[in-house]
Amino acid sequence: MARQKKQRKKYRGFWIFFKLQLLLLLLLIAAAAYYFGGGYAQTIAELKDDADMLVAKSNADTFRKGETGLVYDSDGKLLKAYKGEKDAYYIKYADIPEIVEKTFVAVEDQKFYRHKGVDYLAILRAIIAMVRNGEVTQGGSTITQQLARTVYLSMDRTWERKMEEIFIARNLEDKYTKSQIMEFYLNNIYFGNGYYGIQAAAQGYFSKSIDKLDLSQVVFLCAIPNNPSLYDPVQHKKNTLSRRDRMLTSMYEQGVISLSASKEAKEEKIKLKRKKGIEKNDYVETYVNYCAIRALMEKQGFEFQYYFDSSKQEKKYNKEYKKLYRECESSLYTSGYRIYTSIDMEQQEKLQDAIDTGLSAYQDVNEEGVYKLQGAGVTIDNTTGFVTAIVGGRSQHFEGYTLNRAYQSFRQPGSAIKPLLVYTPMLERGYTPDTVVVDEPIEDGPSNANGVYEGAITIRHAVKRSKNTIAWKLFDELTPVTGLSYLKAMNFTKLDPEDERLPAALGGFTIGASPLEMAAGFAALENDGCYRQPTCITKIEDTQGNLIYTAQTDADRGQQKKEEAEGIRIYKSNASRMMTDMLETVMNEGTARGLGLGDMPSAGKTGTTNDNKDGWFAGYTRYFTTSIWVGYDQPAELPGLTGSTYPGNIWHNYMMSIHKKMTPMSFVPYIEQKQVDMDFIE
């Protein structure tokens, strides 16, 4: 009986095994049919052929030189060259310190000397993650694969690119020795700030050859390539040090270094000594870099987002954004792009001079030697919507990156925000410049700047005198949520849920706005209520002159709808024209009186925050829109600072200089419409 049970169990096990094998066979047949029938076999064969050809044509020089990228201004003059320093600092394998190689093997590819270019288990993990996430989200890449990607491939996160990366890596292993591959790798990886290769990084960050650095300094440098933006030693030194310490721990655990060496290296303080003569990243360069990187991200199909339904969604977006941003940033130095911009260097110099001259009386500096009182400004060409000048601070000579306050700093805009947030939205709802309102004290509300209340006045007069009471009342009727929706539609990036309250009517934001955002908002008023995302990149070409990116300007949209050519409609045309007409009154009779441009019609608005900490002036002609901010980096009171003083004078002097040879052009008049009875707000 027991024997029969044993036999039945044996037969049952056999049939289960047989069925599993049959199922596996059927799955393999189905996979093969899908592979060949779906066209994947041909695609993969083509990728392999391409990989074979690329590596077959390669030699040692292939890994020495990167293409130099070039940037041009609006006149076609060379502004900047994106040039990595591979060739100048190329280092042979025999001259690379052993600890550099050991460090990268320990933290990047522990199986480097055992695999043939590909770690298939790591690839399998990456494929599983890809299936789960719908895209290639983790590498599984060996050092050889990283070399293949850096030298040969684009930044596309697709299975095709991953397959070609694998084929190239295998071919590289067949053609070159491990020592050669390590040499190529260490001379091609990106260390941030334009440094390609370990020797260029050593010279750039420490002004020393790599063989002169100690263990702590070497591992510090080796921490950077994993994420050159996050571990940028200039901008995020604490991050770099943290990763250095984690790497030292890992190296000790793998037996690469001793416990005492690990501990001593962690305790060492790292002091950078930047290479003298390094190219300075001034305000034009930093903004061009930013715009060019985002243009390349757009080319990759990335969809920019500024507001999120949950913190989880925001975290996921930021992770994807940062990853692609650093990849595109890296490509600027190796892909040989020809980048054409809208930057007008004559305007740029005049704007810089106006800010420097306007604030020249204030010479106090902080501990780092930076002027305490600062200013920033942005100019937009109203015909095209492109940025033509951008100044992020007063002129000072510093090596490396400079804070570009024009787009990287956000401050409370004061009353300068009223036209965008309150008045134009209310004009859309039937109000007119002649609608009568009541200027009176408001319980638990704001007071007017001069403490004067005039009773029944028109909205035009309220704008002219920048009446806080009227802006508050109208915003209360409009509702903060509705008012802020206009700013969100124009990509004001730092709005906070806490801003959905009445003080926002007067520019009382949690964080604030940048000069770039303010300029783009006022440019939308001049553009009949249509907003255009500000940028300075008009087009990007590859080394062969092929167009790979073009901005959506009016001229090259061709047959696209008129609405698209104008931009995104934010305000109704007539409401924008009425607002412009009232802002002309501000220039001629109001808070900006005396700041006009002579015969050239202009419209503008002043802005001052509590305790005179921030001063703003934003205004435009038919030709250009310019916004100016003045204040301290660390908010502090500046007696006498209002929108009409330092910012207004800078705006006036600059705009006068760039309009000298231009024919006066009037704004488009608005269409009269029925007034709205405002008795209910008395």
Side-chain angles (χ1 to χ4, degrees), residues 192-193 204-207 229 232-241 269-287 289-290 348-349 351-378 390-414 494 507 509-518 607-617 627-643 645-651:
N193 296 296
Y205 291 120
F206 293 110
S207 294
S229 295
D232 180 346
V234 178
Q235 297 292 320
H236 306 295
K237 188 176 179 182
K238 287 183 179 179
N239 293 348
T240 324
L241 289 169
K269 293 191 183 215
I270 296 292
K271 186 175 181 181
L272 299 180
K273 185 179 180 183
R274 303 294 304 281
K275 186 171 77 73
K276 290 184 179 180
I278 186 173
E279 253 186 298
K280 182 178 178 294
N281 293 276
D282 63 10
Y283 305 126
V284 169
E285 289 184 20
T286 51
Y287 185 60
N289 289 358
Y290 170 76
Q348 180 71 21
E349 291 168 5
L351 182 55
Q352 183 71 71
D353 182 66
I355 290 174
D356 291 343
T357 302
L359 303 179
S360 60
Y362 295 87
Q363 296 294 314
D364 290 347
V365 297
N366 62 19
E367 294 178 354
E368 297 174 340
V370 179
Y371 286 126
K372 289 183 177 179
L373 184 65
Q374 285 292 343
V378 175
I390 183 163
V391 171
R394 296 167 67 180
S395 292
Q396 284 187 276
H397 298 292
F398 292 104
E399 291 183 353
Y401 288 101
T402 307
L403 174 65
N404 194 329
R405 299 166 186 83
Y407 77 97
Q408 292 176 322
S409 293
F410 299 83
R411 302 296 284 267
Q412 294 191 8
K494 298 298 182 180
F509 294 158
T510 305
I511 300 174
S514 70
L516 178 66
E517 291 173 343
M518 292 295 287
T608 311
T609 61
N610 291 339
D611 301 322
N612 306 96
K613 292 179 179 178
D614 298 280
W616 290 83
F617 195 94
S627 71
I628 302 292
W629 165 82
V630 171
Y632 291 100
D633 283 334
Q634 299 299 320
E637 181 179 0
L638 176 62
L641 173 63
T642 66
T645 57
Y646 299 105
N649 287 321
I650 290 169
W651 184 92

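Index from 1, following the sequence.
Residues satisfying the side-chain contact (heavy atoms from CB on, under 4.5 Å) test with Glu367, not counting sequence neighbours, are none. Shown here are the side-chain contact (heavy atoms from CB on, under 4.5 Å) partners of Gln634, two or more places apart in sequence or in another chain: there are none. In this view, Ile511 and Phe410, Lys494 satisfy the side-chain contact (heavy atoms from CB on, under 4.5 Å) rule, not counting sequence neighbours. Residues satisfying the side-chain contact (heavy atoms from CB on, under 4.5 Å) test with Thr642, not counting sequence neighbours, are Thr608, Asn612, Ser644, Thr645. Partners of Asp353 by salt bridge (charged side-chain N to carboxylate O under 4.0 Å, His left out), not counting sequence neighbours: none found.
Between the side chains of Gln408 and Ser514, no donor-acceptor pair is found at a separation under 3.5 Å. In summary, the side chains of Gln352 and Asp356 do present a donor paired with an acceptor at a separation below 3.5 Å, with no hydrogens or angles considered. No side-chain N or O of Tyr290 forms a donor-acceptor pair with one of Asn404 less than 3.5 Å apart.
With rounding to the nearest 0.5 Å, the separation of OH in Tyr283 from CD1 in Ile390 is 11.0 Å. Going from atom CD of Gln235 over to atom OG of Ser229 covers 10.0 Å, rounded to the nearest 0.5 Å.
Gly377 and Ala406 make their closest contact through O-CB, 4.0 Å (heavy atoms, listed as atom of the first residue, atom of the second, distance). Here the closest heavy-atom approach between residue Ser409 and residue Pro515 is recorded as O-CD, 4.0 Å. In this structure, Thr609 and Pro413 approach most closely via the heavy-atom pair CG2-C, 4.5 Å. Closest heavy-atom contact between Ile355 and Val391: CD1-CG1, 3.6 Å. Taking both residues in full, the closest heavy atoms of Ile650 and Gly358 are given as CG1-CA, 4.2 Å, listed atom of the first, atom of the second, then distance.
Side chains of Arg274 and Val234 form a contact here, defined as non-hydrogen atoms less than 4.5 Å apart. Two residues are said to be in side-chain contact when any heavy atoms from C-beta on lie closer than 4.5 Å; Ser627 and Phe617 fail this criterion. Side-chain contact check for Tyr407 versus Thr286: some heavy-atom pair is nearer than 4.5 Å. Using a 4.5 Å heavy-atom threshold, the side chains of Asp232 and Thr240 count as separate. Counting heavy atoms from C-beta outward, Lys613 and Tyr632 have side chains that stay 4.5 Å or more apart. Using a 4.5 Å cut-off on side-chain heavy atoms (C-beta onward), Leu272 and Pro233 make contact. Taking 4.5 Å as the limit, some side-chain heavy atom of Leu359 sits within range of a side-chain heavy atom of Arg394. Within the 4.5 Å cutoff, the side chain of Gln374 has no heavy atoms near those of the Val630 side chain.
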Please walk me through it: do Leu373 and Tyr646 pass side-chain contact (heavy atoms from CB on, under 4.5 Å)? CA-CA 11 Å; Leu373 184 65; Tyr646 299 105; 5.8 Å; no
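Two rings, from Tyr362 and Tyr371, have their centers 6.0 Å or more apart.
Between Arg411 and Asp614 there is a salt bridge, with a side-chain nitrogen of the basic residue lying less than 4.0 Å from a carboxylate oxygen of the acidic one.
Within the structure, salt bridge (Lys or Arg N to Asp or Glu O under 4.0 Å) contacts touching residues 632-641 (residues at least two apart or in different chains) are Arg405-Asp633.
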